[in-house]
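What you see is a predicted model; the values in this text were computed from it and never measured.
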Amino acid sequence: MKEINFDNGYFPVDSFEELETPFYYYDLNLLNLTLKAIKSATADARNFMVHYAVKANANHILLQTIGEAGLGADCVSGGEIEAALEAGIPHDKIVYTGVGKTDKEINIGLDNDIYCFNIESVEELEVINALAKAKDKKARIAIRINPEIGAHTHANITTGLAENKFGIAMADIDRVIDLAESTEYIEFIGLHFHIGSQILDMDDFKGLCDRINDITSHLESRGILISDINVGGGLGIDYEDPDNHPIPDFEKYFAVYRENLRLRPEQTLHFELGRAVVGQCGSLISRVVYVKQGSLTKFAILDAGMTDLIRPALYQAHHLIQNISSRSREMERYDVVGPICESSDIFGKDILLPLTRRGDFIAIRSAGAYGEVMASCYNCRPLPGAVYSE
Ligand code: LLP
């Protein structure tokens, strides 16, 4: 990757000296290169539309940058719809998913004429119809199908299995489509799917394509032609080696859909990528508060904790941990932990780092997705700040 230099000078550590830690450091150059890669991988497919999954990171500067690159937004709450609009993402590029949309949130979508509600139940369809009727509007909807296929990823982030709460069961598709088509203030435009997150095995997406082909063939045999297919997100990133793989292989990802999904020329294929867009451009920067010799291991205790980045505690997720200020050539092993009163507040065990001292800066890499946005104030801690490369 010529345009990014990941050597020792990658982090402007000198300029961190006067800043309060912890904070998220966002490399906007890398974000722009990632957006460029998405654009070039979809350039020849005029009917591919990428919506950024705002849940991955709703930071205003990032949202603005993503909107400027022409991506739409995939939102899961009224708040996310408002954040996307405030960042300049056009209303007709916004799709809205979620099993528990409230009346207030549905009205935000209706008032702003969003592109589509991805509905997850008949109960929700009826409420959207009633709220649209009250405004004398038609709501565009896609039906989220639970495709009942697994993805090779962490159990907490698979969504497309029969046991999951998401979507309409395969067996109910015909009934729900018939209902949607005959509901007065509803315009049924297509189908929505999402099988999980941090997926690196392209066969999982191929499996989704096969399933969608079966469903659309069946619908066509019933004379139903849909204009929109939304395949959700899920493309993973390399948490082990972000320097060598700072940008996901979008060519390979979009090729799976180009080659395996039977798409009619008049159909639009929508994607909802979150992690793959922002994951690698963010790092959590913290200072070492103490280095403590425990009875079994040495601990590097940071001023960042699970309140700033919960992924390791919640999903046993691995993030690369680097001491970005130590100049020592001597290496030592540390359990890198936060200050929170929970035993699960651990970023990594037995991590090999250059000799680490109080005051050193530690970077936790690949934290741009589901990092800042999942931060909490537990223990009355302030939320982490954000610093940008430009
Ligand atoms: N579309 C839908 C309907 C989703 O539920 C999700 C993520 C996405 C798109 C975006 O998926 P992505 O491209 O980012 O994989 N907090 C967890 C991940 C939760 C993902 C939830 N749904 C984590 O930190 O790994």
Beyond-backbone contact of T34 with C281, side-chain heavy atoms, under 4.5 angstrom:
no
So, are D335 and K298 salt-bridged, with charged N and O less than 4.0 Å apart?
no
Pair Y26, E372: side-chain N/O donor-acceptor within cut-off below 3.5 Å:
yes
Check: F166 main-chain N/O paired with N146 side-chain donor or acceptor under 3.5 Å
yes
Nearest-0.5 Å distance that lies between atom OH in Y370 and atom CZ in R311
9.0 Å
Regarding N244 and D241, is there a side-chain donor-to-acceptor distance under 3.5 Å anywhere?
yes
Test item: T356 side-chain N/O and P354 main-chain N/O as donor-acceptor pair under 3.5 Å
yes
By the rule that ILVMFWY residues connect when side-chain heavy atoms come within less than 4.5 angstrom, directly or transitively, which residues belong alongside I301?
V289, Y290, F299, V337, I346
Between the side chains of T21 and D303, does any donor sit under 3.5 Å from an acceptor?
yes
Donor-acceptor pair between Q198 and Y239 side chains, under 3.5 angstrom:
no
Does any non-hydrogen side-chain atom of V278 lie less than 4.5 Å from one of Y52?
yes
With sequence neighbours left out, which residue pairs that include part of residues 121-130 fulfil the side-chain hydrogen bond (donor to acceptor under 3.5 Å, both in side chains) condition?
K101-E124
Check: E17 side chain, D14 main-chain N or O, donor-acceptor pair, under 3.5 Å
no
Once you round to the nearest 0.5 Å, how far does CD1 of I285 lie from CZ of F361?
8.5 Å
Which residues pass the ring pair (Phe, Tyr, Trp, His ring centres under 6.0 Å) test with F48, sequence neighbours left out?
F271
Test side chain to side chain donor-acceptor pair (under 3.5 Å), reference H51, set K93, H270, E272, output is H270
With no hydrogens and no angle check, do the side chains of D238 and H245 hold a donor and an acceptor under 3.5 Å apart?
yes
Just so I know, are the side chains of R365 and Q322 near enough to count as touching, which here means a heavy-atom distance under 4.5 Å?
yes
Do other residues, nucleotides or ligands put more than 12 heavy atoms under 6.0 Å from the CD atom of E390?
yes
Value rounded to 0.5 Å, distance of CG in D308 from CD1 in I340:
7.0 Å
Roughly how far, to the nearest 0.5 Å, is the CG atom of L225 from the CG atom of L219?
9.0 Å
Take atom CZ in R333; do more than 12 heavy atoms of anything else shown fall under 6.0 Å from it?
yes
Any ion pair linking E120 and R144 (charged N to carboxylate O, less than 4.0 Å)?
yes
Residue pair R287, E20: steps toward the salt bridge (Lys or Arg N to Asp or Glu O under 4.0 Å) verdict:
CA-CA 9 Å; R287 279 187 175 91; E20 197 175 320; over 6 Å; no
Within-4.5 Å side-chain heavy-atom neighbours: Y24 and N57
no
Using the rule side chain to side chain donor-acceptor pair (under 3.5 Å), only one of N59, D27, T65 pairs with Y388; which is it?
N59
Any non-hydrogen side-chain atom of I195 less than 4.5 Å from a side-chain atom of I199?
yes
Closest non-hydrogen atoms of P22 and L284, given as atom of the first, atom of the second and distance, are CB-CD1, 4.1 Å
Test of understanding: with side chain to side chain donor-acceptor pair (under 3.5 Å), list the residues that count as partners of S286, not counting sequence neighbours.
none
Verdict with reasoning, D350 to T297, per side chain to side chain contact (heavy atoms under 4.5 Å, CB included):
CA-CA 8 Å; D350 212 24; T297 46; 5.6 Å; no
I'd like to know if the side chain of N230 reaches the main chain of G232, judged simply by a donor and an acceptor atom lying under 3.5 Å from each other, with no hydrogens or angles considered.
yes
Going by atom types only, do Q280 and S366 share a side-chain donor-acceptor pair under 3.5 Å?
yes
If you measure from CG on L353 to OG on S326, what distance do you get to the nearest 0.5 Å?
8.5 Å
Do S217 and R262 have side-chain N/O donor and acceptor atoms under 3.5 Å apart?
yes
Hey, is CD on E332 packed in by over 12 heavy atoms from elsewhere, all under 6.0 Å?
yes
L309 and G371: which non-hydrogen atoms are nearest, and at how many Å?
CD1-CA, 3.8 Å
Looking at the rings of F347 and H319, which for Trp means the six-membered one, are their centres under 6.0 Å apart?
no
So, is the end of the R140 side chain (NZ or CZ) under 6.0 Å from the ring centre of Y115 and within 45° of the ring's axis?
yes
With sequence neighbours excluded, tell me which residues meet side-chain contact (heavy atoms from CB on, under 4.5 Å) with N107.
L110, D111, L131, K135
Value for CG (D228) from CD1 (I141), rounded to nearest 0.5 Å, stands at 11.0 Å
Using the six-membered ring wherever Trp is involved, compare the ring planes of F205 and Y253 and label them parallel, tilted or perpendicular (cut-offs 30° and 60°).
perpendicular
So does K36 have more than 12 non-hydrogen atoms from other groups sitting under 6.0 Å from NZ?
no
Within the distance-only criterion (no hydrogens, no angle test), does the side chain of H91 pair as donor or acceptor with the backbone N or O of D113 below 3.5 angstrom?
yes
Tell me if the CD atom of E266 is crowded by more than 12 foreign heavy atoms within 6.0 Å.
yes
Connecting only ILVMFWY residues whose side-chain heavy atoms lie within less than 4.5 Å of each other, what is the rest of Y185's hydrophobic cluster?
none
Under a 3.5 Å distance rule, please check whether S77 uses its side chain to pair with a backbone N or O of E80 as donor and acceptor.
yes
Salt bridge (Lys or Arg N to Asp or Glu O under 4.0 Å) between R222 and D174, worked out
CA-CA 9 Å; R222 293 189 56 214; D174 284 341; 3.0 Å; yes
